[in-house]
Each structure stands twice: as structure tokens, then as C-alpha cells.
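Notes follow the structure.
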Amino acid sequence: MIMAAWRAISALALASVLLADADDTHAGAVKFGYSGSNSPDKWGSLSPDYRMCSKGERQSPINIEKSKLAYNPGLEALERNYVPASATLVNKGYQIGLLFDKNVGTVLVDGKNYSLKSVHWHSPSEHTIDGKRFPVELHMVHMSDNGKIAVVAILYQIGRHDPFVVQIERKLKELAKEAWKGDKEAHIPVRVVHTRSLKLHSSKYYRYFGSLTTPPCTENVIWSILARVRGMTEEQVAALQAPLSQENRNNSRPIQPLNYRAVQLYHESRKHNEDSH
Ligand SMILES: *[C@@H]1O[C@H](CO)[C@@H](O)[C@H](O)[C@H]1NC(C)=O
Ligand SMILES: *[C@@H]1O[C@H](CO)[C@@H](O)[C@H](O)[C@H]1NC(C)=O
């Protein structure tokens, strides 16, 4: 009974963290950043609400060592059913993101649907692969009906135009013109965001249990990191950084200890081979 009530309260608290961006309740949250007195090593002491940032033992991001991946035949394809939708482009000063106005669709994780709520970018990447850091990482934040969070991450190297960012390039320039003045979040409506490139089939991904990579660093987040690194032009990377405040242009949280966790591997062709034997 008490546990159920507690779970309901935690779910509500999480919901408010993720949805706060829609209104201005976020303005009341304690400020944090990526350098100086608000830098990641101090997050845990900035507010009691942020204590998991220093006390948590299942934090994100992590370095993924390919030689230590545990192939898990029980994992399923990351089925994503997204539709085009309207959204709001948000500059929080420390992060650029898109908040979807309505239901965009779901990802199926362990037989359960999680709805896509928002996407945001970090640069350079937060997760590293065998110690390698990439120029950009996209986080697609999903939530289940009972408040559980699942994030799907995509890593980008310098290359061709990313078809997802192309859609908001003009709006990013508008955001950059206003520049971050350190007070209020800037919001720009985007009439239609096409989500086709976000749901491209993935034959391989890495799965582990971690946390949000920004305060309050909430744990029990299910991470799925797509193994295929995608491309983005240098101009696009710069466009995603330009609207941020100067001291938060590098908005990548340092690597957190793996502790007793294992990173699992989903590999489609291996799964098919084993299924047919
Ligand atoms: C998940 O959502 C998809 C698309 O909305 C739906 O077709 C499917 O039946 C749902 N699956 C479960 C397990 O709820
Ligand atoms: C950005 O921050 C990360 C994590 O704190 C650090 O490892 C990296 O060297 C920094 N990168 C740049 C380009 O400053």
C-alpha cells in the first residue's frame, strides 16, 4: 500500500521533471550548468532534489566497452511507431530540445509501450564507445503510463546532413539571434516535425539501466544506444550549439562509474541465426 503510494508519487515527480518545460515551473528549479560553480561535479550539492547526481550508483552516461558487451537473446527489436507532429523548440540555455505538443508515438521496450515526449541534443556526446567521444548525441525521451522512463540515444559523427536537424535549422538561427540572456527559456513553435529518420530500423543497440544525465539525475532509466553512428555536418553541430549560453556550449556530463552494471547487446542477425538453430 505504502509502496504503491510512493510509486505513484515518484511517477508524478518524474512527470513534472519531464513536462515542466511546457510551462515555466522550471524557472523555480535550482540552476545547474557545465562549468564553474554549477558544474557536474557540484550538481549533487546544489539542491537536495539533485542528491542522486552524487549519491546514485547507477548513473549515466557511461563508457561502453565493446569487448565487455553481454549478448542478450531475450532483447527485442526497438520498434518505434512515430508520426509527424507539431512541437516546440526550446532553448534552456544549457540544452536545445524539441518538446512534442501531442502524442507522437511509442517505442516498444521489453514488451511495453513508452510514449515519445521530447528530444534534445548534447555536444560532444555523453556516452563514449571504447573511450571515443562523438561530436553530438541525440536523446529521445519516452515515458510509460506509470512514469517509467526509456531513452533512445543516437551518436553522430561529422558527415552528411542529418535529415532530422535540417527541419529546424531556420528556427535554430532564430533562437541564436535572441541568444541566451540567462533569464527565460526561449520557445519557438514548429508546425510539423517529421520523425521518419528517428524510427529507422536498428539492427543493433546497447542496453543498460542508468539515469537522466541532467539534474535531478533520476535513476531506473532504461537506456538503448543505437550502435550505428549517424552523420551530421559541422554547420549543423554549430547551429545546435550557437543558441546556448557560452559556458554551456559543451553540455556533456562526464562519464559515470559502471559499478556492478553490465551493458547488454541486441544484435538482430545473431538473434535470427540462433532462432533458426
Ligand atoms: C504499442 O503501441 C503500438 C502503436 O501504437 C500498438 O500497435 C501496439 O499494440 C502497442 N503494444 C502494446 C504491447 O501495448
Ligand atoms: C566536454 O566535456 C567532457 C565531459 O566533461 C570532456 O570530457 C570533454 O573533453 C569536453 N570537450 C570539449 C570539446 O571541451
Side-chain angles (χ1 to χ4, degrees), residues 3-22 58 60 70-90 97-120 138-154 162-165 167-168 189-212 218-228 230 262-272 274-276:
M3 269 313 281
W6 171 244
R7 272 199 211 105
I9 291 166
S10 322
L12 280 177
L14 278 183
S16 64
V17 165
L18 288 171
L19 305 175
D21 320 86
R58 291 157 70 92
S60 296
Y71 171 66
N72 179 354
L75 292 177
E76 296 289 341
L78 270 187
E79 218 176 280
R80 281 157 278 159
N81 297 294
Y82 307 141
V83 293
S86 62
T88 306
L89 183 64
V90 180
L98 272 171
L99 201 67
F100 293 103
D101 300 334
K102 297 193 220 35
N103 201 1
V104 210
T106 55
V107 64
L108 196 63
V109 176
D110 293 339
K112 196 169 162 170
N113 271 328
Y114 291 75
S115 303
L116 181 60
K117 300 294 182 191
S118 61
V119 302
H120 63 259
L138 173 71
H139 288 166
M140 299 154 65
V141 182
H142 304 75
M143 200 189 263
S144 69
D145 290 339
N146 61 353
K148 248 182 106 63
I149 300 172
V151 183
V152 177
I154 307 179
D162 171 49
F164 188 73
V165 170
Q167 309 180 74
I168 54 164
V190 185
R191 211 155 48 85
V192 187
V193 180
H194 293 280
T195 45
R196 192 177 309 131
S197 68
L198 299 185
K199 60 180 179 185
L200 284 178
H201 181 72
S202 309
S203 58
K204 207 169 159 186
Y205 66 81
Y206 312 126
R207 162 70 47 80
Y208 80 100
F209 295 88
S211 72
L212 298 179
T218 312
E219 295 193 336
N220 293 318
V221 171
I222 307 175
W223 280 91
S224 307
I225 295 146
L226 306 190
R228 209 184 121 233
R230 298 191 184 181
V263 183
Q264 303 178 347
L265 170 70
Y266 167 81
H267 195 334
E268 186 174 68
S269 55
R270 203 154 144 187
K271 194 175 167 79
H272 287 169
E274 293 182 7
D275 284 350
S276 60

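Ligands are counted one by one from 1 in listed order, and the atoms in each one are counted from 1 as well. In what follows, residues are counted from 1 in the order of the sequence shown.
The residues lining ligand 1, counting any heavy atom closer than 4.0 Å, are Asn81, Thr106, Gly111, Asn113.
Using a 4.5 Å cut-off on side-chain heavy atoms (C-beta onward), Lys117 and Ile149 make no contact. Contact annotation: the side chain of Gln264 approaches that of Leu75 to within less than 4.5 Å [non-hydrogen atoms, C-beta and beyond].
In this structure, Asp110 does not pair ionically with Lys148, as no charged nitrogen and carboxylate oxygen lie closer than 4.0 Å.
Applying side-chain contact (heavy atoms from CB on, under 4.5 Å) to Arg207 and the options Leu78, Val263, Ile225 leaves one that passes, Leu78.
Annotation: the span from Leu108 atom CG to Arg80 atom CZ amounts to 11.5 Å, rounded to 0.5 Å.
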Under the side chain to side chain donor-acceptor pair (under 3.5 Å) rule, what do Ser202 and Tyr266 come out as? Steps first, then yes or no, please. CA-CA 10 Å; Ser202 309; Tyr266 167 81; over 6 Å; no

